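Here the structure is laid out as structure tokens; the discussion comes afterwards.
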Amino acid sequence: MSAPAGGSSASARPASTTQGQAASASPAAPQTQGVAQTQGPAQQQGQPANPQQGAARPAPAGQPRSRGRDEVSSTPRLLRLARAGAAAAALLTGVVATGTFSTDGINSTPNVVADQWAAAEQARVDIPRADLLAAQRVTDPASADEQALEGYDEALRAVATDLSRGGDDTGAAAADWSTFVTGVERAAAQESTEGYAEASAAAAAATERVAEVADARADDLLTGSRSMLTTVVGTLGVVVLVGIMVWLALRTRRILNLPLAGAALITAGLTWLSVNPGALPLDYDQYVQDTRASTTALQEVYQARAAQVAAAAGVQVDVDAAMTEATEALERADLVDLEQDWSTVAAAEGPQDAAEAYGRVEAALSGRVADDLSSVDPGVSAPAVLTAAGALLLGVVAAGLAWAGVTQRLRDYR
């Protein structure tokens, strides 16, 4: 009976031993859990457990990168600057094309230039006319009656008026003219042909100076002193507008901007027309050229006649050269009907031998010059003002188109 009791005790001991071992092993689990709990926050504060999860992945090769924030924020500002630059380039070209400015500074308005041109053209015929009357007065005192003196005084007043209307550039001619007037009075008082020769040389110098002023004013009306400045400014304006068009196409991915292209075309057209005004549907350039030809012919005729009168009085002058120049001037002016009368004057040995033929030539040329110069306002001044106003208007239109074209892209970008 004892054996079964011992067997049950033995079987109970291993059970208790197993429970003891389990109890002794169980404290290790809380320690491991504590370590895990201690290490958890450390891993959260440090780098992640998986480094590949926190690293930035590079974009695959060949895939375009998205726009950065700097580019996105700077584009509207750049578009506003481009808009202002395009409008300024177009408007500045239009302002310069009006002829208001040149490389020398501020120009006179077209109507003022036309008046100065007419005054200089009138002076280039009035001065030789006064020289001719002075030659007749000095070389033939007997013919210097009251009527001849009144004609001479009238010529002096006309030249003084012409020079005062011709602008500041006629100052040098006015000095030579003063020398002529003083010399003639001295020569007439002394009845000295030598004194007249010196005075006549001063008149010739004054005529050349006013002729230069007249030619310069005519060039201002035809091609414009603005042509060089307009060429430079207009070319730069076209370059700026085309450059902005290309930049917009690359920046906004829009190939064509029609308003900006129109502004570039208008600017290029203004530049070309300023250098080639003959392309305009106006004929005032032909009017200017015809007037220059007639005034030059009358100038040469007066000078040749004065040389003929002076040579008859013994003054040493080259009559043949003066006659040749007058003949060529008549041919350039296409005055065929006067060539025969002028040939008679050129072949005469003295001024009295061809007085009637000379009178016909002078009357015809004087009438033609008077008609030409009396039509300056409708023939030159008004068309010149219209072209200047048109240039300014086109510049404003081009500036508006340039502004609208860039504004459109700015709105699209927003």
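Treat the numbers as computed from the prediction; the structure is a model and nothing was measured.
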Residue pair Leu392 / Val95, side-chain heavy-atom distance below 4.5 Å: yes
side-chain contact (heavy atoms from CB on, under 4.5 Å) evaluation trace for Gln136 with Leu133: CA-CA 5 Å; Gln136 295 172 345; Leu133 295 175; 3.8 Å; yes
Atom pair OH/CG of Tyr152 and Asp131 - distance to nearest 0.5 Å: 9.0 Å
CA sep, side-chain torsions, deciding dist, call: Leu330, Leu365, side-chain contact (heavy atoms from CB on, under 4.5 Å): CA-CA 10 Å; Leu330 289 172; Leu365 273 176; 3.8 Å; yes
Candidate pair Asp215 and Arg124, rule salt bridge (Lys or Arg N to Asp or Glu O under 4.0 Å), full reasoning: CA-CA 11 Å; Asp215 292 341; Arg124 77 186 300 174; 3.5 Å; yes
More than 12 heavy atoms from other groups under 6.0 Å of CD on Glu339: yes
Glu194, CD: over 12 other non-hydrogen atoms inside 6.0 angstrom: no
Distance-only donor-acceptor check, side chains Arg305 and Gln308, under 3.5 Å: yes
Crowding at CD, Glu356 (>12 non-hydrogen neighbours, <6.0 Å): no
Distance, nearest 0.5 Å, that separates OG1 of Thr98 from CG of Leu393: 12.0 Å
Nearest heavy-atom neighbours spanning Leu156 and Trp177: CD2-CZ2, 3.3 Å
Glu362 side chain reached by Val301 side chain, heavy atoms, under 4.5 Å: no
Student check: side-chain heavy atoms of Leu270 and Thr230 closer than 4.5 Å: no
Test item: Ser366 side-chain N/O and Ala363 main-chain N/O as donor-acceptor pair under 3.5 Å: no
Shortest non-hydrogen contact from Ala311 toward Val317: CB-CG2, 3.8 Å
Under 3.5 Å: donor-acceptor pair, side chain of Thr296, backbone of Ala293: no
Pair Leu91-Val396, side-chain contact (heavy atoms from CB on, under 4.5 Å): steps then yes or no: CA-CA 6 Å; Leu91 181 61; Val396 172; 3.9 Å; yes
Intermediate values then yes/no, side-chain contact (heavy atoms from CB on, under 4.5 Å), Phe180 and Ile127: CA-CA 10 Å; Phe180 163 77; Ile127 294 176; 6.0 Å; no
Side-chain (Ser178) to main-chain (Ala174) donor-acceptor, under 3.5 angstrom: no
Donor-acceptor contact below 3.5 Å, side chain Thr182 vs main chain Thr179: no
4.5 Å side-chain heavy-atom contact, Gln340 and Arg360: no
Flag side-chain contact, heavy atom, 4.5 Å: Leu410 against Val406: no
Rounded distance (nearest 0.5 Å) linking atom CD of Gln303 with atom OG1 of Thr207: 5.5 Å
Criterion side-chain hydrogen bond (donor to acceptor under 3.5 Å, both in side chains) against Arg217, the qualifying member of Glu212, Glu121, Gln116: Gln116
Minimum heavy-atom distance Ala118-Val376, with the two atoms named: CB-CG2, 3.6 Å
ring-ring contact (aromatic ring centres under 6.0 Å, His included) partners for Trp342, two or more places apart: none
Any side-chain heavy-atom pair of Glu328 and Thr324 under 4.5 Å: yes
Note, Leu79 side chain near Arg83 side chain (heavy atom, < 4.5 Å): no
N/O donor-acceptor pair under 3.5 Å between Thr295 side chain and Arg292 backbone: yes
Minimum-distance pair of heavy atoms, taken over all atoms of Ala306 and Ala135: O-CB, 4.4 Å
Closest non-hydrogen atom pair, Ala123 against Pro128: O-CD, 4.1 Å
Side-chain heavy atoms of Val113 within contact of Asp115, under 4.5 Å: no
Side-chain donor/acceptor of Asn257 to backbone N/O of Gly405, under 3.5 Å: yes
Value rounded to 0.5 Å, distance of CG in Leu260 from CG in Leu265: 10.0 Å
Inter-residue atom distance Thr193.OG1 - Gln316.CD, 0.5 Å rounding: 9.5 Å
Between CG on residue Leu78 and CZ on residue Arg251, distance to nearest 0.5 Å: 5.5 Å
Gln190 atom CD, over 12 foreign heavy atoms within 6.0 Å: yes
Test item: side-chain donor near acceptor, Tyr358 and Asp353, under 3.5 Å: no
Backbone of Asp371 reached by a side-chain donor or acceptor of Ser374 within 3.5 Å: yes
Closest non-hydrogen atom pair between Val125 and Gln299, with its separation: CG1-N, 4.0 Å
